[in-house]
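Residue numbers begin at 1 in each chain, while the letters A, B, ... track the order of the sequences.
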Amino acid sequence: MAEPMKIRAQMQGDTADIKVLMNHIMETGLRKDAKTGQPIPAHHIQSVNVTVGGKVVLDAQWGYAVAKNPFLGFKVKGAKAGDKVVINWVDNKGDKRTDEAAIS
Amino acid sequence: MNQLRRTFLKSTGAAGTVALAVAAGLLKPGQVLAAEWNKSAFEAKNIADAMKGVNAAGAAKSADILIKAPEIAENGAVVPVEVTSKIAATSDIVIFVDENVNPMIADFTFSNGAEGYVSTRIKMAKTSNVTVVVKAGGKSYMASKEVKVTIGGCGG
């Protein structure tokens, strides 16, 4: 099971500034094992879904080249302090992780 | 890997099915994106095919897309990229690295008040243009910015 995400969600005026740090190896599938010379299979997050206050605000699909331990920052207008931010990701092997935080 | 076989699989497999479904009006492009990982676009080997895969071929150049990325990235494995779209009703931001083996990096779809802004970190194999496609009101727009890479970040 993957490590928890770090989520920071703060109001700036009428906009929530949300920053997320995920824990994932994000293997591209292009690298080779230095010892065996065998390709290392791809293992990366494929989809990310974010809701704020129960409404979907961001739906993302990721390919092979989002950097390891992905960072994601976005802004949501009309959100309020106290709204719950729920973030989900699913990777290409079916591993998943859900974390939540309240906007401060 | 047998290149011919890959090409054959790609052209007859997932890409064909999705394209057919879109053409037949069974699925709107947006729904395809939301429902299923866009395999054909992510596995495309060049920027033109990747852009076709997200229905953004022939996107118009726009000065309202701001790409913030370093001029020179010392480490291609972690290149911070920040995209701001000033285009009204921006629904999607799609990020590509033209020279990567698989140019398409990520597709972000916004709704319910999320602004046309995203900040993330990507991998770049070598010096390349970072191309961003923005979708707004059923139209596609694009912008590019070159990032010089001193050490590639995609292995191989």
Under 3.5 Å: donor-acceptor pair, side chain of [X], backbone of [Y]:
X	Y	answer
B:Lys123	A:Met26	yes
B:Arg121	A:Asn69	yes
B:Asn112	A:Val56	yes
A:Gln61	B:Glu36	yes

Rounded at 0.5 Å granularity, tell me how far [atom1] in [X] sits from [atom2] in [Y].
X	Y	atom1	atom2	value
B:Ser91	A:Asp59	OG	CG	12.0 Å
B:Tyr117	A:Asp17	OH	CG	6.5 Å
B:Ile93	A:Leu58	CD1	CG	9.5 Å
B:Thr120	A:Trp62	OG1	CH2	5.0 Å
A:Lys77	B:Phe110	NZ	CZ	14.5 Å

- Message: Which label fits B:Trp37 and A:Tyr64: parallel for a plane angle under 30°, tilted from 30 to 60°, or perpendicular past 60°?
- Response: perpendicular
- Query: If Ile, Leu, Val, Met, Phe, Trp and Tyr residues are connected whenever their side-chain heavy atoms lie under 4.5 Å apart, and connections chain through other members, are B:Met124 and B:Ile67 in the same group?
  - Reply: yes
- Is it possible for you to say whether B:Ile87 and B:Val118 belong to one hydrophobic cluster, with membership spreading through side-chain heavy-atom contacts below 4.5 Å? yes
- Task: Please indicate whether B:Lys145 has more than 12 foreign heavy atoms, meaning atoms of other residues, nucleotides or ligands, lying under 6.0 Å from its NZ.
- Result: yes
Under 4.5 Å between any side-chain heavy atoms of [X] and [Y], yes or no?
X	Y	result
B:Ser119	A:Phe71	yes
B:Val101	A:Leu30	yes
B:Phe108	A:Leu72	yes

- Sort out for me which of A:Ala79, A:Ala67, A:Gly63 touches chain B most, counting heavy-atom pairs under 4.5 Å. A:Ala67
- How close do A:Val66 and B:Ala106 get, heavy atom to heavy atom, and via which atoms? CG2-CB, 4.3 Å
Compile the donor-acceptor pairs under 3.5 Å between side chains in residues 7-16 of chain A and protein atoms, sequence neighbours left out, one pair per line.
none

- Which answer fits A:Leu21, side chain, backbone, both or neither, if we ask what part of it has an atom under 4.5 Å from a heavy atom of chain B? side chain
